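I have placed the structure first, in the form of structure tokens, so that the comments after it can refer back to it.
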Amino acid sequence: MQRDVSSCNTYNYGDAHYWDTRYVQDALSFDWYQRYSSLRPFVRSFVPTSSRVLMVGCGNSLMSEDMVKDGYEDIMNVDISSVAIEMMRTKYDSVPQLKYMQMDVRDMSYFADDSFDTVIDKGTLDSLMCGNDAPLSASRMLGEVSRLIKGGGTYFLITYGDPKVRMPHLNPSAYNWKISLYIIPRPGFKKAAGDSSLSSKSCLEAISLTSEGMLPHDYVLEDPDSHFIYICRKTDEEVAQIPSYPLMEDVL
């Protein structure tokens, strides 16, 4: 497995100093890839509001705040940047549902095994894949994520990485994850007027992957810069499997 260079630049996104500097220079809230409003149908379908949630690489995103407004009760937010964490801890001091800790996702030994029902990752694995020692960093992070999720729990990954570059990292049998894939266009994407070459797909429909876990050979992305949502459910023989329901635009 190689370093994922498809969307990387010269910055080392796995380095705390880079992020500290960035948040000092720009303290405005910023959400990578997608806002909660776009992800809500997926979150509400796969993450009960009573779940204990771990938000890895929270930065100064509004995602956790929006989830609390939507009824979520317990969200632990971690980030490698102490600047971001202090900023967010101060901002949400009066919101008991939100907690913040400075932490490297490659070593989350502060938390005991099976501490969380759900881990949400919006771009953090991607940032490690752009850093030094990318395969090792990814393996360490995903090993920690797997350790922290309870049986029957979910790793909710939002990434620019298609199955060709992400499945090799997500598929190791040690994780024991059952993986479903959804694809969502980038915010603001619109089809070209009169373009009939692209099939009509709903982003709320899971993609049928090949036996190797790849996209079908004839699958065409409506948006070449789509984001991929991997729902990785940690199976446990002693835990009843949660049924899969069709997604709806507004899940109550």
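Every value quoted in this text rests on a predicted model; they were computed, and no experiment measured them. The residues of the chain are indexed from 1 along the displayed sequence.
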Do the non-hydrogen side-chain atoms of [X] and [Y] ever get within less than 4.5 Å of each other?
| X | Y | answer |
| --- | --- | --- |
| Arg35 | Leu62 | no |
| Met167 | Leu209 | yes |
| Val105 | Ile80 | no |
| Met129 | Thr159 | no |

How many angstroms lie between [atom1] in [X] and [atom2] in [Y], if you round to the nearest 0.5 Å?
| X | Y | atom1 | atom2 | result |
| --- | --- | --- | --- | --- |
| Met67 | Ser51 | CE | OG | 8.0 Å |
| Asn176 | Lys178 | CG | NZ | 11.5 Å |
| Met76 | Met55 | CE | CE | 12.5 Å |
| Asp223 | Ile183 | CG | CD1 | 10.5 Å |
| Cys58 | Met103 | SG | CE | 11.0 Å |
| Leu54 | Asn77 | CG | CG | 8.0 Å |

Lys/Arg-Asp/Glu bridge criterion (N-O < 4.0 Å) met for [X], [Y]:
| X | Y | result |
| --- | --- | --- |
| Asp66 | Arg40 | no |
| Asp104 | Arg106 | yes |
| Asp114 | Arg147 | no |
| Asp107 | Arg140 | no |
| Arg52 | Asp117 | no |

Review point. Taking the six-membered ring where the residue is Trp, are the ring centres of Phe42 and Tyr182 under 6.0 Å apart?
Key: yes
Show the nearest heavy-atom pair for residues [X] and [Y], with the distance to one decimal.
| X | Y | result |
| --- | --- | --- |
| Gly71 | Thr49 | O-CB, 3.5 Å |
| Thr124 | Gly57 | OG1-CA, 3.2 Å |
| Met101 | Ile85 | O-CD1, 3.4 Å |

Practice item. Measure from NZ or CZ of Arg166 to the centre of the six-membered ring of Tyr160, then state whether that distance is under 6.0 Å and the direction lies within 45° of the axis. Key: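 The answer is yes, since Arg166 meets both limits relative to Tyr160.
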Practice item. Report yes or no: is the cationic atom of Arg89 (NZ for Lys, CZ for Arg) under 6.0 Å from the centre of the six-membered ring of Tyr100, at an angle within 45° of the ring normal? Key: no
Practice item. Check whether Leu128 and Leu136 end up in the same hydrophobic cluster, where Ile, Leu, Val, Met, Phe, Trp and Tyr are linked by side-chain heavy atoms less than 4.5 Å apart. Key: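 Result: no, two separate clusters.
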Point to revise | Residue pair Lys234, Lys150: steps toward the side chain to side chain contact (heavy atoms under 4.5 Å, CB included) verdict | key: CA-CA 7 Å; Lys234 186 175 182 180; Lys150 299 176 182 178; over 6 Å; no
Exercise for review: Taking atom types as modelled, find out whether Asp121 and Tyr155 have a side-chain donor-acceptor pair closer than 3.5 angstrom.
Suggested key: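 Yes, Tyr155 and Asp121 have a side-chain donor paired with an acceptor closer than 3.5 Å.
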**Study point:** Short side-chain donor-acceptor distance under 3.5 Å, Glu65 and Tyr92
**Key:**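 Yes - a donor-acceptor pair under 3.5 Å links their side chains.
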Review point. For Phe156 and Tyr230, what are the C-alpha separation, side-chain angles and deciding distance, and is it a ring pair (Phe, Tyr, Trp, His ring centres under 6.0 Å)?
Key: CA-CA 6 Å; Phe156 191 111; Tyr230 296 85; over 10 Å; no
